[in-house]
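Contents: one structure, followed by commentary.
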There are 2 protein chains.
Amino acid sequence: MNLKQLAQMLALSQTTVSRALNGYPEVNEETRRRVMDAAKRHGYRPNPSARRLATGKSGMIGYVLPTGATVDIDPHFVEFLSGLGDYARSHELDLVLSPADADDQETTYRRIVANRQVDAVYISSPRPQDSRVSLVSTLGIPFLVHGRSEGFDFDYPYLDIDNEGAFHEAARLLVQLGHRRLALINGDDRETFAIHRERGVRRALAASGLTLGERHVCSVVMTEENGYRATRRLLEESDAPTAIACSSLIMALGVVRAVRDLGLTIPGDVSLIAHDDVFPWLKPENFSVPLSTTRSSIRLAGARVAERLAARISGLEEGARGEVWPVDLVVRGSVAGAPA
Amino acid sequence: MNLKQLAQMLALSQTTVSRALNGYPEVNEETRRRVMDAAKRHGYRPNPSARRLATGKSGMIGYVLPTGATVDIDPHFVEFLSGLGDYARSHELDLVLSPADADDQETTYRRIVANRQVDAVYISSPRPQDSRVSLVSTLGIPFLVHGRSEGFDFDYPYLDIDNEGAFHEAARLLVQLGHRRLALINGDDRETFAIHRERGVRRALAASGLTLGERHVCSVVMTEENGYRATRRLLEESDAPTAIACSSLIMALGVVRAVRDLGLTIPGDVSLIAHDDVFPWLKPENFSVPLSTTRSSIRLAGARVAERLAARISGLEEGARGEVWPVDLVVRGSVAGAPA
DNA sequence: AGAGTCTTCCAAAGCGCTTTGGCTTTTCCG
DNA sequence: CGGAAAAGCCAAAGCGCTTTGGAAGACTCT
């Protein structure tokens with residue numbers, strides 16, 4: 001059942017039927033009702049391909065997925081996706097993932113924009129002066145950055161959590177508990193979130209005249225194994241830290257394992273605070289010693305990103321609105337006063 | 001730059017240019033070269049919306065993503081996606097995720113098929129007599145099942161791993177080591193993979209005249225917490241098992257924690273074998289006691305699914321071909337002879 | 001009553017591609 | 001050399017929708 005048939009059936013023109021269906025004003029209310037009614041009764045659904053060709057709108061949001069033999073998709077992604085899906089589901093928005101060589105995403109961005117394959121895109125895990133952000137903003141497609149970039153001479157819309165504030169609070173608590181030597185086991189320090197977290201820790205330390213030793217900050221891909229290695233390295237040195245801030249729960253698994261392997265205890269010998277993105281399958285309260293965390297649901301962020309993208313597509317949201325979510329500091333058993 | 005302009009520029013008809021580009025035989029080789037050349041030089045890319053409208057092909061593969069407030073996307077999904085992306089990237093295939101209410105996916109399947117939004121779909125985590133499989137096969141769109149369904153009077157194409165064989169081997173090893181009371185901490189037993197794994201364990205036990213006690217098999221969502229709870233329950237009973245087979249590494253984390261909490265050791269008091277889907281961020285060899293596993297890369301499976309879907313789309317693959325991958329049994333420190 | 005203004009609808013022109021059916025020209029072969 | 005077959009190309013008709021530019025009729029106002 002296509003528009004033509006429906007129009008014929010109603011003895012109306014395609015124009016009128018189309019307008020009635022799309023809520024244009026220049027059609028009699030009764031006619032509209034008749035049309036709506038018939039459409040529903042016959043299960044008419046406009047062909048999206050045709051509509052897309054005519055309007056250039058696709059009803060999808062896009063994401064360029066960096067891939068490659070050496071590239072692993074972050075497990076956080078799936079939680080983010082859940083959130084995106086939560087919103088998208090109720091709005092018949094689809095998500096198209098365009099896999100791209102991680103080293104050449106530009107081609108793919110250009111392709112999906114030129115082809116009008118999607119109405120909007122989002123960008124995740126941005127870095128300072130991230131080329132994707134400048135690219136996409138010149139390409140002129142609605143977009144939203146999940147996280148923040150930096151160092152541009154223009155503004156852009158984003159949704160981020162207060163990483164600096166979170167780690168500032170975490171570090172401040174540790175300092176208040178008497179810790180003098182903190183360490184930070186961070187994610188890839190080319191990404192903005194990691195930079196912000198480090199900044200937060202440094203700021204908290206500085207406030208008490210302390211510093212973050214050069215060798216007390218690690219920047220690694222966030223795997224259990226890397227958490228383990230970093231911790232071993234940290235704790236086997238002479239000026240071993242007495243407290244660790246850690247950028248992910250998965251790494252924290254490794255931290256806990258390393259501490260135990262060294263015959264040390266949490267929080268007796270070392271206090272630990274990690275960032276928790278709220279996974280349903282791994283909870284900080286269930287660690288052998290319940291883990292203190294800075295908590296922010298990445299799933300909720302996903303839903304919000306979808307919501308804002310939808311708003312931008314329909315013109316309800318405009319401009320370079322930045323949105324920063326506060327982060328909860330949840331104190332559990334993994335922190336204690338510094339050992340004597 | 002569109003077809004019309006390109007044709008004009010070459011003083012050829014759109015027909016000829018289109019045919020030259022799409023490899024039809026009825027065009028002179030030299031003409032074809034000229035066309036190809038000009039197309040490349042001017043960066044001509046056929047508009048996918050138009051092509052789609054004309055042909056009904058979209059160049060995308062689809063996945064209906066079950067969502068809902070109580071639905072969590074499995075973290076395995078992201079690894080599978082990595083694999084899918086690995087293949088899709090080099091073939092300019094995009095993946096479209098259509099979020100759907102987990103309790104009503106049919107509507108969404110019908111929509112994406114009716115709308116010809118995608119050229120093929122895949123189905124994951126199937127259950128016996130999974131309604132999605134029968135639906136999709138009547139809808140007549142190319143598809144592939146990742147995993148297996150059962151109990152149909154028709155065949156369908158799938159890619160699965162030998163879950164039964166894997167857990168058979170694992171259980172057999174444990175029995176050979178003298179274990180008489182095994183337990184299985186399994187995933188959702190409405191899903192086929194879980195059923196197959198249980199079957200494998202039972203078969204191995206039966207071969208030695210043993211059985212899997214009713215209360216020695218748990219079926220739970222695969223989270224760390226559930227692994228922990230299941231293990232506590234198992235080990236606190238009078239006829240506690242001396243060996244555990246576990247369906248996921250994440251649950252195994254909980255198993256390990258529970259064993260430790262109870263003051264027991266692996267493998268001294270209890271042997272453990274888990275299934276490893278090969279995550280880059282959590283490796284069995286890095287468990288406090290290196291974990292024996294049945295191993296099968298879900299990422300490779302993703303790539304293969306993409307490959308086969310592409311083949312089905314282009315008509316290179318047909319029929320209900322089932323493909324079952326063998327699973328490696330990797331023995332590490334977490335298994336030992338049964339305690340006396 | 002006549003001019004102007006709404007209201008309501010329509011025919012037709014795209015959107016950019018593929019494909020059908022046909023028309024020339026060339027090639028082949030007895 | 002003549003006729004058939006093959007090769008190479010084209011005009012035009014879709015695909016199913018949106019949107020432009022009217023047009024006809026109803027209504028208002030002076």
Side-chain angles (χ1 to χ4, degrees), chain A residues 1-36 38-39 42-60 92 111-119 313-315, chain B residues 1-36 38-39 42-60 92 111-119 313-315:
Chain A
M1 159 99 349
N2 58 22
L3 187 60
K4 195 174 187 174
Q5 294 167 14
L6 187 65
Q8 221 149 28
M9 172 165 301
L10 286 161
L12 284 173
S13 75
Q14 294 192 38
T15 311
T16 304
V17 176
S18 170
R19 291 193 153 142
L21 257 23
N22 295 326
Y24 282 68
E26 57 259 86
V27 46
N28 190 319
E29 269 315 314
E30 198 210 306
T31 310
R32 185 192 307 280
R33 216 182 321 277
R34 261 180 64 220
V35 172
M36 294 283 222
H42 294 82
Y44 167 75
R45 311 265 302 160
N47 178 320
S49 306
R51 166 175 282 179
R52 168 183 313 198
L53 181 59
T55 63
K57 296 278 169 190
S58 68
M60 309 199 189
E92 280 210 6
R111 170 170 67 84
I112 65 179
V113 170
N115 290 347
R116 315 194 133 231
Q117 296 204 120
V118 296
D119 296 340
I313 290 171
S314 59
Chain B
M1 160 97 351
N2 59 20
L3 186 62
K4 195 175 189 174
Q5 293 167 16
L6 187 64
Q8 222 149 26
M9 172 165 303
L10 286 160
L12 285 172
S13 75
Q14 294 191 37
T15 310
T16 304
V17 176
S18 170
R19 291 194 155 143
L21 259 24
N22 294 328
Y24 281 69
E26 58 259 87
V27 47
N28 190 317
E29 269 314 314
E30 198 209 306
T31 310
R32 186 193 304 280
R33 216 182 319 278
R34 263 180 62 218
V35 171
M36 293 282 220
H42 294 83
Y44 168 74
R45 311 266 302 161
N47 179 319
S49 307
R51 165 175 284 180
R52 168 184 313 199
L53 180 58
T55 64
K57 296 278 169 190
S58 68
M60 308 197 188
E92 281 209 6
R111 171 170 65 84
I112 66 179
V113 170
N115 290 346
R116 315 191 133 236
Q117 296 204 118
V118 295
D119 297 340
I313 290 172
S314 57

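Only a predicted model underlies this, so the values are computations on that prediction, with no experimental measurement involved. As a basis for the values below, the full set of heavy atoms in this structure was taken, side chains included, without hydrogen atoms, waters or symmetry mates.
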Could you measure the distance from the CG atom of B/Leu12 to the OG atom of B/Ser18? Nearest 0.5 Å is fine. 12.0 Å
d(B/Asn115 CG, B/Arg52 CZ) to nearest 0.5 Å is 9.5 Å
Using five pairs at each end of the helix from C/dA1-D/dT30 to C/dG30-D/dC1 to define an axis, what is the angle between those two axes, to 10°? 40°
Nearest non-hydrogen partners of [X] and [Y], listed with the distance:
X       : Y       : result
B/Arg32 : B/Ala20 : NH1-O, 2.9 Å
A/Asn2  : A/Tyr44 : C-CE1, 3.6 Å
B/Leu10 : B/Arg34 : O-NH2, 2.9 Å

Of residues 44-53 of chain A, the positions that come close to DNA chain C - non-hydrogen atoms, cut-off under 4.0 Å: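 DNA chain C contact set from residues 44-53 of chain A: A/Leu53.
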Applying side chain to side chain donor-acceptor pair (under 3.5 Å) to A/Arg45 and not counting sequence neighbours gives A/Glu92
So what does B/Thr55 touch, heavy atoms closer than 4.0 Å: a base, only the sugar-phosphate, or nothing? sugar-phosphate
Just by modelled atom types, is the B/Tyr24 backbone N or O under 3.5 Å from a matching donor or acceptor in the B/Asn22 side chain? no
Counting distance only, does the side-chain N/O of B/Ser58 pair as donor-acceptor with the main-chain N or O of B/Gln117 below 3.5 Å?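 Confirmed, B/Ser58 side chain pairs with B/Gln117 backbone.
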Within a reach of under 6.0 Å around CZ of A/Arg116, are more than 12 heavy atoms found that belong to other residues, nucleotides or ligands? no
Heavy-atom check, side chain of B/Gln5 versus side chain of B/His42, under 4.5 Å: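 Not in contact.
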Is there side-chain contact between A/Met60 and A/Asp119, with at least one heavy-atom pair below 4.5 Å? no
Under-3.5 Å N/O pairs linking protein and nucleotides 6-10 of chain D:
residue, atom, partner, partner atom, Å
D/dC9, OP1, B/Thr31, OG1, 2.9
D/dC9, OP2, B/Asn28, N, 3.0
D/dC9, OP2, B/Thr31, OG1, 3.3
D/dC10, OP2, B/Ser13, N, 2.8
D/dC10, OP2, B/Ser13, OG, 3.2
D/dC10, OP2, B/Thr16, OG1, 2.8
D/dC10, N4, B/Arg19, NH1, 3.0

What residues form a salt bridge (Lys or Arg N to Asp or Glu O under 4.0 Å) with A/Arg51, not counting sequence neighbours? none
Please list, in 5' to 3' order, the outermost nucleotides of DNA chain C lying under 4.0 Å from any heavy atom of chain B.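 Terminal contacting nucleotides, 5' to 3': C/dG16 to C/dG21.
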